[in-house]
Protein chains: 4
Amino acid sequence: MMTRQKLRSEETKQAILSAAGKLFADRGYDGVAMREIAKEAGCSHTTIYIYFKDKEVLLHALSMPPLIELKENFEQLVTQSQLAPETKLIEMSMRFIRFCLLHRSIYSVVFIAKGERVDKEQQDLEINETRVALFKQLGQVLQDVLPLPLGEERLLQFNRIYFFMLHGIVSTYSHTEEPLTDIMDRLSSTFETAFDALLNGFKLKMTNGG
Amino acid sequence: MMTRQKLRSEETKQAILSAAGKLFADRGYDGVAMREIAKEAGCSHTTIYIYFKDKEVLLHALSMPPLIELKENFEQLVTQSQLAPETKLIEMSMRFIRFCLLHRSIYSVVFIAKGERVDKEQQDLEINETRVALFKQLGQVLQDVLPLPLGEERLLQFNRIYFFMLHGIVSTYSHTEEPLTDIMDRLSSTFETAFDALLNGFKLKMTNGG
Amino acid sequence: MMTRQKLRSEETKQAILSAAGKLFADRGYDGVAMREIAKEAGCSHTTIYIYFKDKEVLLHALSMPPLIELKENFEQLVTQSQLAPETKLIEMSMRFIRFCLLHRSIYSVVFIAKGERVDKEQQDLEINETRVALFKQLGQVLQDVLPLPLGEERLLQFNRIYFFMLHGIVSTYSHTEEPLTDIMDRLSSTFETAFDALLNGFKLKMTNGG
Amino acid sequence: MMTRQKLRSEETKQAILSAAGKLFADRGYDGVAMREIAKEAGCSHTTIYIYFKDKEVLLHALSMPPLIELKENFEQLVTQSQLAPETKLIEMSMRFIRFCLLHRSIYSVVFIAKGERVDKEQQDLEINETRVALFKQLGQVLQDVLPLPLGEERLLQFNRIYFFMLHGIVSTYSHTEEPLTDIMDRLSSTFETAFDALLNGFKLKMTNGG
DNA sequence: GATGAATGAGCTTTCATTCAT
DNA sequence: GATGAATGAAAGCTCATTCAT
């Protein structure tokens with residue numbers, strides 16, 4: 001049973017997370033002050049420190065759950081063997097895009113300003129592991145689409161290029177005010193075309209080159 | 001005729017621009033203090049305010065010349081009719097990448113800018129014009145590569161996708177500490193492969209779809 | 001008769017006092033947060049405020065019992081007529097030192113206090129009375145050692161000087177991390193030598209001067 | 001020639017040093033906020049950071065000059081061979097006391113809260129060196145008074161005890177509001193008596209023990 | 001009696017910017 | 001034109017304390 005206190009506490013915590021998510025997404029991690037988050041969340045800035053040890057922990061708490069969800073989401077898709085690899089890959093790509101645009105603050109911090117500090121190990125480790133896992137999942141399916149031996153130079157190259165496309169799409173729209181649904185409505189077919197064209201280009205190279 | 005004073009003054013201004021360019025590129029716009037710029041430029045930090053109204057104006061002043069240079073660079077290339085359009089396009093793309101990674105602070109401001117402020121109109125206008133011109137030049141050459149009627153839906157799509165790739169590459173490496181030359185040595189062939197694969201993918205779609 | 005509630009309540013209070021005593025001794029009054037005391041005491045930090053109006057009152061409550069104990073300890077010693085006065089005095093001095101180093105936070109507040117606040121009268125009065133009593137006891141035994149008429153100028157001087165030595169010893173070691181027992185093992189003979197030399201010096205002066 | 005600007009700057013710096021000295025002495029290093037120092041000095045708290053990198057550097061700047069002066073003062077005295085060692089020692093002790101009571105903030109920080117941090121090497125090294133030098137000078141003269149072989153256990157003990165007395169006197173009066181001159185007028189003869197009695201006590205022990 | 005939630009005041013420090021010379 | 005002096009605003013964070021349950 002949830003006491004009324006616990007409930008209120010949880011509400012505050014969620015309010016903080018929600019406020020931080022919104023503000024980080026809009027103006028970036030460094031561009032947002034704790035006091036602003038507090039104001040947006042409707043509490044004092046000291047209250048934030050009750051729930052999160054410091055600003056970085058707040059970001060971490062904000063990032064982990066969606067990241068894990070995405071990872072599990074990916075896993076589910078990967079193991080669905082009745083789908084064609086290409087269909088899987090594009091579906092995963094679309095979900096990745098949707099995720100990054102939905103959680104813009106996470107995107108900028110987790111996928112862009114990656115791995116610098118060595119100190120905050122425990123935390124960054126957790127995040128980093130998840131990020132690596134995500135990319136590995138994508139890479140694996142890409143390999144299914146392009147039948148090249150693992151470790152082959154060209155596979156690595158195609159992998160990189162594929163991620164350029166992903167990053168390019170996300171970074172192009174991660175600063176827009178336009179709501180996610182509008183973007184997806186307008187552009188999801190463009191995104192699919194992008195991946196499709198790219199994969200066809202890869203295949204052509206494999207045919208010619210092999 | 002330049003008086004000696006004016007000359008010396010111009011020198012100071014250039015020293016400031018040069019210092020700011022170097023520091024912004026290394027540590028980002030927000031990561032550099034005016035005092036540091038001044039020290040690197042060999043003048044007092046108050047002197048900067050004689051030449052530039054504030055920090056943002058300094059950044060914009062810093063951005064214009066390279067942008068214009070790139071534009072002229074592009075123009076030169078475009079008008080060289082003896083080159084195959086595809087060669088032109090890829091060369092322009094590589095120069096664009098090199099430019100963005102060389103002037104990382106400019107990149108983030110010029111190509112990522114959310115375009116909100118209403119006050120700084122005059123400046124942003126100038127920059128914006130140049131940016132639009134650059135993209136137009138790229139788009140034009142893309143059209144030469146892909147013979148589709150202007151305004152055709154697929155052309156617009158391919159254009160967008162091509163820019164995704166450009167942004168993806170640049171944004172992937174714009175936060176690295178690795179020097180530009182190292183990046184280019186390691187990856188320029190990957191970048192070329194990316195553009196080539198993409199263009200081939202486009203062409204395939206045109207053949208199949210038409 | 002104590003109800004069970006009162007008993008439990010008293011336990012909590014003692015836990016707080018014990019925790020505070022330990023922490024204050026280790027890291028000083030200002031170096032310890034109320035939350036830490038609470039954690040060490042196994043209760044909520046708000047609970048502390050039920051028993052003690054504020055942090056300062058806690059410190060004072062912490063100080064009284066040991067002070068009174070020391071006073072009674074002194075009384076016991078003073079009335080043991082079979083001991084030589086000099087033996088008594090040195091024994092009392094050693095106990096005083098041991099006390100101050102054991103209760104370092106008390107020492108700094110009780111014996112170093114500037115005596116300014118007017119509000120906290122009631123409390124400081126209590127403490128002050130005890131402190132005065134302690135010094136009086138020491139002074140009395142010193143007088144037994146040095147047979148000088150009460151109120152004699154030299155007696156007052158010797159008294160002061162003797163306290164300088166006491167303070168000097170305590171203040172030298174009151175900021176060390178070294179455990180009390182180690183200090184006493186290493187240095188108690190030095191402390192005794194100090195008092196002995198000083199008393200002999202006093203006696204010499206009395207002989208020469210009288 | 002001093003420009004008016006430089007003069008004004010020096011005034012501000014001195015005002016800050018003076019304010020910090022006063023406040024540190026009254027309420028201790030940790031008990032004083034930068035804003036308070038600024039207010040006392042009649043400037044903004046940010047101005048302090050122009051002259052002193054941080055709070056600790058301010059303390060350092062505050063401490064070094066008087067410490068060095070005292071050291072030189074001691075050196076002068078030590079090399080005056082026409083004075084009896086005992087006279088020298090007592091004179092040095094009196095100067096040490098006067099110094100500590102004049103610069104109470106220095107006393108509490110330099111002679112009490114000694115050597116913990118290992119990081120701020122450069123600075124603390126300088127201070128520490130001077131402190132050690134001071135104590136060495138005092139110890140040397142004490143050895144001249146008490147002809148014992150260097151390294152002899154009793155010499156070390158006497159040395160320690162002598163410093164207890166010094167610390168005791170200083171710490172007893174370092175928290176008083178009473179002006180230095182009043183203290184010295186009232187008590188300098190008591191202080192001299194203290195040292196004299198102690199030295200006689202030492203000599204007595206040497207005679208008896210040897 | 002006891003507690004979790006919450007807060008305001010305050011800390012050191014940094015920075016872009018202005019003022020007087 | 002150029003500079004050193006100086007500042008207000010703001011940052012992340014801690015703490016003793018109060019309120020509602």
Side-chain angles (χ1 to χ4, degrees), chain A residues 3-13 30-38 41-56 58, chain B residues 3 5-6 8-13 30-38 43-56 58, chain C residues 3-6 8-13 30-38 43-56 58, chain D residues 3-13 30-38 42-56 58:
Chain A
T3 72
R4 207 171 312 159
Q5 271 213 5
K6 272 243 155 106
L7 217 91
R8 184 149 163 54
S9 165
E10 194 57 28
E11 262 174 40
T12 304
K13 189 172 180 174
D30 285 330
V32 180
M34 293 299 262
R35 284 186 153 88
E36 286 178 276
I37 297 172
C43 67
S44 162
H45 67 279
T46 54
T47 301
I48 300 178
Y49 289 92
I50 297 173
Y51 297 98
F52 308 98
K53 198 178 90 43
D54 58 30
K55 202 182 176 186
E56 217 168 20
L58 171 56
Chain B
T3 71
Q5 271 222 357
K6 278 225 163 153
R8 182 144 163 55
S9 163
E10 192 57 29
E11 261 175 41
T12 306
K13 191 172 179 177
D30 284 329
V32 179
M34 293 297 262
R35 283 192 141 84
E36 291 179 274
I37 298 171
C43 67
S44 163
H45 60 283
T46 53
T47 302
I48 301 179
Y49 290 92
I50 298 170
Y51 296 100
F52 309 98
K53 193 177 118 347
D54 59 30
K55 201 182 176 186
E56 212 171 17
L58 171 58
Chain C
T3 71
R4 206 172 311 158
Q5 269 221 0
K6 279 227 163 151
R8 183 144 162 54
S9 163
E10 192 59 26
E11 261 175 42
T12 306
K13 190 173 179 177
D30 284 329
V32 178
M34 293 296 262
R35 283 192 141 84
E36 290 179 275
I37 298 171
C43 69
S44 163
H45 60 283
T46 53
T47 303
I48 301 179
Y49 290 92
I50 299 170
Y51 297 101
F52 308 98
K53 194 175 118 345
D54 59 30
K55 202 183 176 186
E56 212 170 17
L58 171 57
Chain D
T3 72
R4 206 172 310 160
Q5 271 213 6
K6 271 244 156 105
L7 217 90
R8 184 149 164 53
S9 166
E10 193 58 30
E11 263 173 40
T12 304
K13 190 173 180 175
D30 285 329
V32 179
M34 294 299 262
R35 283 188 154 86
E36 288 178 275
I37 298 171
C43 67
S44 163
H45 65 281
T46 54
T47 301
I48 301 179
Y49 289 92
I50 298 173
Y51 297 98
F52 308 98
K53 199 179 87 44
D54 58 30
K55 202 183 176 185
E56 218 168 20
L58 172 56

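For the numbers below, each heavy atom of this structure counts, side chains included, while hydrogens, waters and symmetry mates do not. Given the structure is predicted, the values throughout are model-derived calculations rather than measurements. Residue numbers start from 1 in every chain, and the chains themselves are labelled A, B, ... in the order their sequence lines are given, proteins ahead of strands.
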Review point. OP1, OP2 of E/dT3 versus side-chain N and O of C/T47: anything below 4.0 Å?
Key: yes
Check your understanding: Atom NZ of C/K13 and atom OG1 of C/T47: how far apart are they, to the nearest 0.5 Å?
Key -> 13.5 Å
Practice item. Look only at the side chain of C/Y51 and the backbone of C/L58, and say whether a donor-acceptor pair between them is shorter than 3.5 Å. Key: no
Point to revise | C/E36 versus C/G31, closest heavy-atom pair with distance | key: OE1-O, 4.0 Å
Practice item. Please determine if a side-chain N or O atom of B/S44 lies less than 4.0 Å away from the OP1 or OP2 oxygen of F/dG4. Key: yes
**Study point:** Residue D/A33, side-chain heavy atoms: nucleotide from E/dC11, E/dT7, E/dT3 that is nearest
**Key:** E/dC11
Point to revise | Whole-Å gap separating P (F/dG4) and NZ (D/K6) | key: 9 Å
**Study point:** Nucleotide F/dT3, atom C1' - distance to CZ of D/R8 in whole Å
**Key:** 15 Å
Check your understanding: What are the two closest non-hydrogen atoms of A/D54 and A/M34, and how far apart are they?
Key -> C-CE, 4.4 Å
Between the protein and nucleotides 17-21 of chain E, which nitrogen or oxygen pairs come in under 3.5 angstrom?
residue	atom	partner	partner atom	Å
E/dT17	OP2	B/Y49	OH	3.2
E/dT17	OP2	B/K55	N	3.1
E/dT17	O4	B/H45	NE2	3.2

Check your understanding: Atom CZ of D/F52 and atom C1' of F/dA6: how far apart are they, to the nearest Å?
Key -> 15 Å
Practice item. Please lay out, stage by stage, how D/D30 and C/D30 fare under the test side chain to side chain contact (heavy atoms under 4.5 Å, CB included). Key: CA-CA 9 Å; D/D30 285 329; C/D30 284 329; 5.9 Å; no
Check your understanding: Separation of B/D30 atom CG from F/dA11 atom C1', in whole Å?
Key -> 13 Å
Study note, to complete from the structure: Note: for B/V32 and D/E36 on DNA chain E, the residue whose nearest nucleotide lies more 5' is D/E36
Exercise for review: Calculate the interatomic distance between D/I37 atom CD1 and E/dT13 atom C1'; express it in whole Å.
Suggested key: 13 Å
Check your understanding: Taking only Watson-Crick and G-U wobble pairs with both distances under 3.5 Å, what dot-bracket line describes DNA chain F, where [ ] shows pairs that cross earlier ones and | shows pairs with another strand?
Key -> .||||||||||||||||||||
Review point. Which part of the nucleic acid, if any, lies within reach of D/Y51 when heavy atoms closer than 4.0 Å are counted: base, sugar-phosphate only, or nothing?
Key: sugar-phosphate
**Study point:** DNA chain E: 5'-proximal contact among C/I50 and A/S9 (nearest heavy atom)
**Key:** C/I50
Check your understanding: So how far is it from B/I48 CD1 to B/T12 OG1, rounded to the nearest 0.5 Å?
Key -> 11.0 Å
Exercise for review: Calculate the interatomic distance between D/E10 atom CD and F/dG4 atom P; express it in whole Å.
Suggested key: 16 Å
Check your understanding: Out of curiosity, B/R35 CZ to B/S44 OG, how far, rounded to the nearest 0.5 Å?
Key -> 8.0 Å
